[in-house]
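Have a look at the structure below, then the notes.
Here is the naming used below: chain letters follow the sequence lines, and residue numbers restart at 1 for every chain.
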Protein chains: 2
Amino acid sequence: MNLPLHERIRQDFETRILSGALAPGARLPTEQVLMADYDCARMTVNKALTALATAGLVDRRKKAGTFVARPRVHAMAMDIPDIGAQVAERGQAYRFDLGLRRELTGGQARLEWKVDRAVPLLELEGVHFADGTPFAWEHRFVNVAAVPEISAADFTGSSPGTWLLEHVPWTEADAHITAAGASAVEARALAVEPGEPCLCVARKTWRGSEPITYVRQLFVAGAYELTAHFGPGARREG
Amino acid sequence: MNLPLHERIRQDFETRILSGALAPGARLPTEQVLMADYDCARMTVNKALTALATAGLVDRRKKAGTFVARPRVHAMAMDIPDIGAQVAERGQAYRFDLGLRRELTGGQARLEWKVDRAVPLLELEGVHFADGTPFAWEHRFVNVAAVPEISAADFTGSSPGTWLLEHVPWTEADAHITAAGASAVEARALAVEPGEPCLCVARKTWRGSEPITYVRQLFVAGAYELTAHFGPGARREG
DNA sequence: TTCGCTATTTTGTCTATACATTAAATGAGG
DNA sequence: CCTCATTTAATGTATAGACAAAATAGCGAA
């Protein structure tokens, strides 16, 4: 287990910070001191400390020094997996049933997505199945001007989300996550009672400044969950 | 806007990767080529590519080269605000009502949180109010061995979450987000009908390897939503 | 063919040095 | 005591070179 030196230095301080031995606000030794401590060049120490800084564990200020960061973190990394891939990973058969496919323009679309009146849109509605059981309903608008190839795409079987993921890399996205009761239409599509609790994810994506798609997905409670994680290292169990 | 050279190189490739100009699997030029392209030393190129690698945008293999990584799951940054602070931000009066406070050990606790049988726990149950209206119910376990000071804490008015945030900085957390119908007990506490759809956030936090707390929060649908964002720059409207 | 050794390419690490940048600390003048 | 310019200590960036490590690619032998 012969780790590189810069990695050993990084871990030394990561350990001390995570254990609380170095409390938030505490000052770390200067690079000059550390290059003496570890008997190495400054670049090596710098690499270790820079890594801690990009990981958010320390703050570095010129002239002042390096300080253990205060964990003011209110953000966690949330996984947004591809629905089809996730179902397949659980060993279940995935299917998408397209219920509605319609071309319209921004002026005709509902209010959820504020796009220009003239923008040509493709409206899609459908249901995701796992092993033949419906578990998610989705209602989507796609900006055809940004993704003209979508006109030729066929969504019988595979979902529009998967198609978009493979054909249109997005650079920016917003998501709003709420709970909602299934409406009459949604309940019938999902084979549940109206009012049944569902997880609702509304997501808008852009490529650069160009809007790509707006989608509202409704997941039957219990059949789906989002996970989020914060912290160094791998996800843990339990 | 005079960025450092290594940052400019990094952004050049980040842009090309996010825009799709460099597709997943595509090979980037070697460091030798890049140091000629940008007329700089190899360390400068290396710093840029290493940053892309730690960000997960590229994979680097010796002898083989540097390749655009295949994005398996897309991670978004999810906001986890302090409940009390968020309510206050909306100009509403915040209150927390503690309903249950009990000391027990890991052996007696329910299955949701796998802690050692001998671990001393504090069990807390209560309701969050905004302007006198209940909007969230929470059920929490705290590892007293990790946070002995909590025995003396008083949660009439302010929530355990806020107290923990101020007294025990966590370094790692997992969250699971689902929808659920309110149980009879929960529905009565939240003044809604049983089965009413709620957003359910189950979160576990650690400091280093030491478990700190497990909490399950139930939010009345419509009264609360989580937001997530991915991409450069500030959050957008619409 | 297939196995195994070797050569070579590419990234990984480290050094020693130089100068730039920033903001805290200092000190002079009012 | 306050203000503003100067000093200076710390990080930030970059260079040119060296050797290490790993894995592909190619070659030779069984």
Side-chain angles (χ1 to χ4, degrees), chain A residues 1-17 22-72 232-234, chain B residues 1-17 22-72 232:
Chain A
M1 190 93 109
N2 254 339
L3 290 174
L5 182 52
H6 69 85
E7 180 62 15
R8 219 191 87 209
I9 300 174
R10 195 193 65 76
Q11 286 187 10
D12 276 4
F13 284 96
E14 184 187 75
T15 303
R16 269 176 254 183
I17 291 169
L22 278 169
R27 185 178 170 177
L28 273 64
T30 68
E31 296 188 346
Q32 293 294 334
V33 172
L34 287 176
M35 63 189 278
D37 285 0
Y38 287 93
D39 190 28
C40 66
R42 190 164 81 91
M43 280 297 294
T44 306
V45 170
N46 186 284
K47 188 165 189 175
L49 295 184
T50 299
L52 289 173
T54 58
L57 279 176
V58 301
D59 286 329
R60 311 197 75 194
R61 291 204 316 278
K62 288 172 185 174
K63 167 74 184 180
T66 304
F67 302 86
V68 179
R70 307 184 178 281
R72 82 277 178 234
Chain B
M1 191 96 108
N2 254 339
L3 290 174
L5 181 53
H6 70 86
E7 179 62 16
R8 218 191 88 210
I9 300 174
R10 194 192 66 75
Q11 286 187 10
D12 277 3
F13 283 96
E14 183 187 74
T15 302
R16 269 176 254 183
I17 292 169
L22 278 170
R27 185 180 168 173
L28 274 64
T30 67
E31 296 187 345
Q32 292 294 335
V33 172
L34 287 175
M35 62 190 279
D37 285 359
Y38 287 92
D39 189 30
C40 65
R42 190 165 80 91
M43 281 296 293
T44 306
V45 171
N46 186 285
K47 189 165 190 174
L49 295 184
T50 299
L52 289 173
T54 58
L57 279 176
V58 301
D59 286 329
R60 311 197 75 195
R61 292 202 315 277
K62 289 173 185 175
K63 167 75 184 179
T66 305
F67 302 86
V68 179
R70 306 180 181 282
R72 270 200 65 255

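Residue A:Leu52 is tested with A:Thr66, A:Leu57, A:Ile9 for a side-chain contact (heavy atoms from CB on, under 4.5 Å); the sole match is A:Leu57.
Partners of B:Asp59 according to the side-chain hydrogen bond (donor to acceptor under 3.5 Å, both in side chains) rule, which considers only residues two or more places apart in sequence or in another chain, do not exist here. In this view, B:Ala36 satisfies the side chain to side chain contact (heavy atoms under 4.5 Å, CB included) rule with no residue, not counting sequence neighbours. Residues satisfying the side chain to side chain contact (heavy atoms under 4.5 Å, CB included) criterion with B:Glu7, sequence neighbours excluded, are B:Leu3, B:Pro4, B:Arg10, B:Gln11. Shown here are the side chain to side chain contact (heavy atoms under 4.5 Å, CB included) partners of B:Ala64, two or more places apart in sequence or in another chain: B:Arg61, B:Phe67. Residues passing the side-chain hydrogen bond (donor to acceptor under 3.5 Å, both in side chains) test with A:Thr50, sequence neighbours excluded: A:Asn46. Take A:Met35 and apply the side chain to side chain contact (heavy atoms under 4.5 Å, CB included) test, not counting sequence neighbours, and it matches A:Gln32, A:Arg42, A:Val45. Considering only residues two or more places apart in sequence or on other chains, A:Arg60 meets the salt bridge (charged side-chain N to carboxylate O under 4.0 Å, His left out) condition with A:Glu31. Looking at residues two or more places apart in sequence or on another chain, you find a side-chain hydrogen bond (donor to acceptor under 3.5 Å, both in side chains) between A:Asp12 and A:Tyr38.
The shortest non-hydrogen separation linking A:Cys40 to A:Leu5 is CB-CD2, 3.5 Å. Smallest separation of non-hydrogen atoms from B:Gly56 and B:Ala69: O-CB, 3.5 Å. Between B:Ala23 and B:Val68, the shortest heavy-atom contact is O-CB, 3.4 Å.
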Worked check of side-chain contact (heavy atoms from CB on, under 4.5 Å) between B:Val58 and B:Leu49: CA-CA 8 Å; B:Val58 301; B:Leu49 295 184; 5.7 Å; no
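Near DNA chain D, meaning a heavy atom under 4.0 Å from it, residues 27-35 of chain B has no residue at all. Taking a 4.0 Å limit (strictly below) on heavy-atom distances, residues 45-55 of chain B reaches DNA chain C at B:Asn46.
The side chain of A:Thr66 contributes an N or O atom lying less than 4.0 Å from OP1 or OP2 of D:dT11.
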Distances for protein N/O vs nucleotides 19-23 of chain D N/O pairs under 3.5 angstrom?
none

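Rounded to whole angstrom, the span from the CE atom of A:Met43 across to the P atom of D:dA18 amounts to 18 Å.
A 4.0 Å heavy-atom criterion places the boundary nucleotides of DNA chain C facing chain B at C:dT8 to C:dC14, written 5' to 3'.
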